[in-house]
Structure formats: C-alpha cells, structure tokens
Protein chains: 2
Amino acid sequence: MARTQGSHSDITGPRVRDAALRLFASEGYAAVSMRQIAGEVGVQAGALYNYTPDKQTLLFDLMKAHMDDLLAAWEAEAAPDAPMERLERFARFHIRFNYERADAVFISYMELRNLSPENFEVIEGLRRRYEDQLERILRQGVAQGIFDVAEPKITTMAVIAMLTGVNTWFREGGRLSLPDVQKIYWDMVRRAVMPQGAPNLD
Amino acid sequence: MARTQGSHSDITGPRVRDAALRLFASEGYAAVSMRQIAGEVGVQAGALYNYTPDKQTLLFDLMKAHMDDLLAAWEAEAAPDAPMERLERFARFHIRFNYERADAVFISYMELRNLSPENFEVIEGLRRRYEDQLERILRQGVAQGIFDVAEPKITTMAVIAMLTGVNTWFREGGRLSLPDVQKIYWDMVRRAVMPQGAPNLD
DNA sequence: CTTTGATCTGAACGGGTGTTCAGATAATTT
DNA sequence: AAATTATCTGAACACCCGTTCAGATCAAAG
C-alpha cells in the first residue's frame, strides 16, 4: 500500500468539499458544473470522482455534515436547567452558529429540492431533530408556568425562521456587532414566550 | 393585422408564465429547461420566444410581476390610523398574500442569484419598498409611544422573516385554518413590539 | 376567395453536461 | 533500483442546453 502518507487525497478531498460548498452557495447546485468545481481545486473533472461517487452525493454529504455538526454543537453546549436560560442559550447559539457557517446553512435549505427522496428524508429528519430541541424547551417552560405559549410547534417554527433570517442581512463590520444582534433577537424571542403583563427585568 | 382576435397568444402567453412559475418553484430556475416549459404548455421550445426574449427575462418578469402585485395589494388595503391596527393589518396581509402565491414568493427570493445585476437591483428595490412599509409602521408606533422597539430596521427584518416562514410548513386542511395561524402570528408580532409590563387586553 | 400575418413547427447551431476509463505520473515501500 | 499503487490527466461518451430561423399553418381581414 504505497503512497498512504503524503498522499494528495488528504488535501484534495477537503478542497473539493470547500469549493463545492462555496460554489453551490453562491450559484446554486444546478448551476455549478463538476468542471467548475474541479477548476477551483486545480484538477480535471475526472479527478473529482476519487472523492465522491457523483454530484448528488457531493451535495448530500455537505448537507449531512452540516446538520451533524449543528446537532453536535448544540448538544455540546452546557445546558442550564431553567427554561428561560436554555431558551436564551438556544437563540444565541443559533445566530452564532448559522452566521459562522452561512454557506452550509444556505445550501441546507435552498437545495433540499435537489436531493433524491431518500437523501431528502435523511436531512429532513435531522432538521426535525434540531427543531425538537427548541420545542422541548418551550414545552418545558410551559409546564413550569414560565412561558405563555399556546402552540409550541408553531412558535418553534416562527422563532427559528426569525433567527435564521439574521443571515440574510447581517454582515460584520457594520453598526452592530454579532453580540448586539444576539441581544436584540433574544429580546424579541423572550417577549414572544413571556407571559404578558410580566415586569421587564432588564 | 389578421388574427388579433381569437389569437392563441392570449391563451399561450399566460400558460407559459404559469408553467414557468410552477416549474421554477418546484425544481429551480437553473434545473428547468425551456423544452420542459414548452412541454407543459403543449408547444415546441421555439414557440416560447414569441412570449419572452430569453429565459432570464422570463424569470425576471415573473418576479417583477409578483413584487408589483404585492405592493399594489398592500397599498389597496384600507389603512387604519393607529399603528397597532396597521401592524395587525400588515401581519395578517403578509401571511394571507404570501400563502395565496406561494410559488411566486418562493421564486422571488430563492432565484435572486439567477438575475442579472440590473434585474437584481430592480427586484431588490421593490423588496426594500415593501419592507419600508412595515418599518414606517414601527417608527410611527415608536413615535407615538405605543411600541417599544429599539431597532425598527432589525425588527422589520425579523418580523418579515417570521411571517414568511409560515409558507414553509402551513398547508390548508390541517388542524389549524389560515385565520388561526394569522391570529397566532399576530399575537407573537404584537408581543415583540409591545411595551413590556403592559396588560394583556385579549 | 384571396391575402395577410400572427403563431407554431422542426431542425439546426455551437456549446456545455455528468460520468467513465485507459494510460501517464510520481511518492512510497520493498 | 524496482515494484507498487494512489492519484490525476485527457479524451471520449451520450445527451441536454438556450436560442435561431426558414417554412408550414390557418384564422381573420379585405
């Protein structure tokens, strides 16, 4: 087994995925050709097939890796007991993580329709698992009488849509820092779940 | 000028746009071929060029028409004076209008990157005009001391992202009706702008 | 009934697509 | 130094792309 160390595959493999991620995000999966990806990496198109069985799987692997990272990163967060603190942790985590991986986030919900049905099911399942994390927090808060949320599932969808929306406009270097934005959004999330008439504790 | 009345163009033109709208929404602009659109309409691909100069313009015209419709429909809504009532009107309008034109809404922000720079500027300008409608309501409410919104621009983005998210999960015929959903989302929007500690007037 | 012209067909144009594969290349092991 | 083999090239495959256009079609106008 010659050429295991110093092999180019350790370098080329990640470069293929990086190039595909960036190109898929900026131009769209269908609009990007294998030759274009190969060109970015500096190889011929045929060489890509040492790293992926086909274009579809390349897309799927990027999305799957992103969703796995997302779930792993959330599970690695220290989880406070109190629902209010957990919710704040979730809101800030979601904004930060999504901002750091804007390309992967973008692909993972823009290119869902380009997945085969089986691959779609996998990604969709992971996405639901992530949403369930938030829904569980909301239900816990409701059970403890801390949150006033009539429809936890819908509030889950609404909060995630709101938080994910940060990526459409926020760019570092502007008037507001990411922590500023996290604070503003957390404030809106908090209001959305707080019993009305509760005092402002700021 | 023969064949002006009873001409097929009155029929074929809209059918081309309908087919393109549906196909672009479900498979994506780049993944849909002119032959595919033509097949849906029941003509050969060449015939499409009686109705659009090229594929890019076909996409742009669909998006432009949608944005024009959106702005016209909102301006046609009776506008109450009070910011709170105006905001409620906006939230319910946005959910209903977007639900009724799910395909056009989907295209109008999924396919932005497939527009030429000039076309992109046009659509982007219309989108900003729409967002400004909401921002103006928020600023009006703040000025009157009715809303507690520190960052009207950000709240605008957050509210629109939240409301637009309805389209990703809501389907008629489920447990909740569209009016149910409108009420739930309006409740969240109201909380997001209401001064905290204010009584629940439900 | 002939003329007109809007509409559509069908073929063609140059070029791009994902994927395959025999053979060249070169780093590592023997 | 020779043998091994992971990696890559370059050409080829069959097919699809957006767009053009000469000529067919046929309903309305004269």
Got a list of side-chain donor-acceptor pairs under 3.5 Å for residues 153-162 of chain A, not counting sequence neighbours?
unit_1: K153(A); atom_1: NZ; unit_2: E135(A); atom_2: OE1; d: 3.4
unit_1: T155(A); atom_1: OG1; unit_2: E151(A); atom_2: O; d: 3.1
unit_1: T156(A); atom_1: OG1; unit_2: P152(A); atom_2: O; d: 2.7

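- The nearest whole Å value for the distance from the CD atom in Q44(B) to the P atom in dT9(C) is 5 Å.
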Given the rule in the side chain to side chain contact (heavy atoms under 4.5 Å, CB included) test, do Y109(A) and R127(A) qualify, once you have shown the distances and angles that lead to the verdict?
-> CA-CA 10 Å; Y109(A) 98 117; R127(A) 206 170 57 89; 5.5 Å; no
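- Not counting sequence neighbours, the partners of Y99(A) by the ring-ring contact (aromatic ring centres under 6.0 Å, His included) test are F170(A).
- For the OP1/OP2 pair of dT7(D) and a distance below 4.0 Å, the side-chain nitrogens and oxygens of T12(A) include no atom meeting the criterion.
- Taking W74(B) as the reference, F90(B), F93(B) meet the ring-ring contact (aromatic ring centres under 6.0 Å, His included) condition, with sequence neighbours excluded.
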Using a 4.0 Å heavy-atom cut-off, write out nucleotides 14-21 of chain C from 5' to 3' as B (base contacted by protein), S (sugar-phosphate only) or - (no contact).
-> ---BBBB-
Listed pairs under 3.5 Å, donor-acceptor, residues 14-25 of chain B side chains, sequence neighbours left out:
unit_1: R15(B); atom_1: NH1; unit_2: V41(B); atom_2: O; d: 3.2
unit_1: R15(B); atom_1: NH2; unit_2: V41(B); atom_2: O; d: 3.2
unit_1: R22(B); atom_1: NH2; unit_2: E40(B); atom_2: OE1; d: 2.3

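- Under the salt bridge (Lys or Arg N to Asp or Glu O under 4.0 Å) criterion, R136(A) pairs with no residue at all, not counting sequence neighbours.
- Screening residues 150-169 of chain B for ring-ring contact (aromatic ring centres under 6.0 Å, His included) gives no qualifying pairs among residues at least two apart or on separate chains.
- Residues forming a salt bridge (Lys or Arg N to Asp or Glu O under 4.0 Å) with D61(A) (at least two apart in sequence, or on another chain): none.
- Here dA6(C) presents its P atom at 17 Å from CD1 of I11(B), a figure rounded to the nearest Å.
- Atom-to-atom, CG of N50(B) to C1' of dT7(C) comes out at 6 Å; the value is rounded to the nearest Å.
- Taking a 4.0 Å limit (strictly below) on heavy-atom distances, residues 15-28 of chain B does not reach DNA chain C anywhere.
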